[in-house]
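Scope of the values below: all heavy atoms of this structure, side chains included, with no hydrogens, waters or symmetry mates. Counting starts at 1 for both ligands and their atoms, following the listed order. Quick caveat: nothing in here was measured; it's all calculated off a predicted structure.
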Amino acid sequence: MSPKLDSFRRIVVKIGSSLLVDQKGLKHEWLDALGADLAALAAGRRDLLVVSSGAIALGRRVLDLPRGPLRLEESQAAAAIGQIALARAWSETLQRHGFTAGQILLTLSDTEERRRYLNARSTIMTLLRLGAIPIINENDTVATNEIRYGDNDRLAARVATMLGADLLVLLSDIDGLYSAPPATNPDARFLPLVERITPEIEAMAGSAGSELSRGGMLTKIEAGKIATAAGTTMLIAHGHEHHPLRRVAEGARCTWFLPETQPVTAWKKWISGSVETRGAVTVDDGAVKALRAGKSLLPAGVRGVRGRFQRGDTVSILGPGGEEIGRGLVAYDSADAERIAGRKSAEIATILGYAGRAEMIHRDDMALRGE
Ligand code: GLU
């Protein structure tokens, strides 16, 4: 049995360039229909995030660059031009459907370096909390060959795992996975459900891709590996027709990739499974109780700080008797943590001279033993 679109709570939708941009430029009507689909999902108290390609494709049209592969500096320049139009189109479209868009441009290190990862994550979380829809793309204007994703399929998968999304939708110019490239092989069989990405499944992904999009089935399977390993379900669906998400909900053909674990546990597993902790915070009885009840760790509940760590490092959370009750990503470096230990969150700005987080370790960034 395939899952149902409306059973997911936090959904990342990735849109390929070839859906948004054609020879004439941006496909406004298509985008507007997609905006209606997104608004319908978001209205059901779901968190929606969009990873939108199209900056380079749009920019190269404006610059009238020749067909074929671009040099790096040309694609950077094209993205600089196209991203403005892309962001504007998203902003206007979502506004028409009653939602606010927020633009996020990421580089590879924003998701691979933990401190930057934490920072990007917190900005995106804040957008979601404020009811906005993040519109995300790679920051192509500064990304170089060595330090870039290069395809938004994997970027979208990383974003989905970063935010603990339970579903990643890749809207593409193909309706899903076939046992062989369908364009060249008439015996190609369609696969509606992939329970696990095995070497056999990987072998089915040819290297096909249309002229405008960089990611073929290969990068989609790579994305699937990132997503499903962290507990995110993935869906590949055809996006060319209007209302692609509504069509999926109504039963259009698509391929589902089932997750290997549940989303929360995957994220928590990542934290609790950290190879080494950089230090520890000892908390009082009241804090132990609060943590077990699902609360964040506030500085007020911290009795002691041990080790030298930086913001974003994994630390142990020790109970009053010194036993490890869990681990978490700490929001302050050890020097600042010591200064605010035992103090009220409202005092942080006065003590440190800057307005830091109210929590020493946020609930979302914490894994308690036995959870
Ligand atoms: N970031 C690129 C763009 O916006 C697209 C990458 C891709 O097609 O996957 O043009």
Is there a salt bridge (charged side-chain N to carboxylate O under 4.0 Å, His left out) between D47 and R9 once you walk through the steps? CA-CA 6 Å; D47 289 336; R9 307 312 308 168; over 6 Å; no

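Near S17, meaning under 4.0 Å from any of its heavy atoms, are these atoms of ligand 1: 8 (O).
Residue I56 touches ligand 1 through backbone and side chain together, judged by heavy-atom distances below 4.0 Å.
Looking at ligand 1, you'll find an N or O of N137 within less than 3.5 Å of one of its N or O atoms. At least one N/O-N/O distance between D140 and ligand 1 falls below 3.5 Å. Looking at ligand 1, you'll find an N or O of A55 within less than 3.5 Å of one of its N or O atoms. Among the atoms of G54, some N or O lies under 3.5 angstrom from an N or O of ligand 1. Geometrically, ligand 1 and S52 share no nitrogen or oxygen pair separated by less than 3.5 Å.
Taking the six-membered ring where the residue is Trp, Y354 and Y332 present tilted rings, their angle falling between 30° and 60°.
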Going by atom type alone, with no hydrogens or angles, which donor-acceptor pairs under 3.5 Å involve a side-chain atom of residues 78-87 and a protein atom two or more places apart or on another chain?
from: Q83; atom 1: OE1; to: N137; atom 2: ND2; distance (Å): 3.0
from: Q83; atom 1: NE2; to: Q103; atom 2: OE1; distance (Å): 2.8

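Not one N or O on the side chain of E359 forms a donor-acceptor pair closer than 3.5 Å with the backbone of A331.
Under a 4.0 angstrom heavy-atom cut-off, A79 registers as lying outside contact with ligand 1.
Between the side chains of N152 and S53, at least one donor-acceptor pair of N or O atoms lies under 3.5 Å.
Residues passing the side chain to side chain contact (heavy atoms under 4.5 Å, CB included) test with T198, sequence neighbours excluded: R196, E200, I201.
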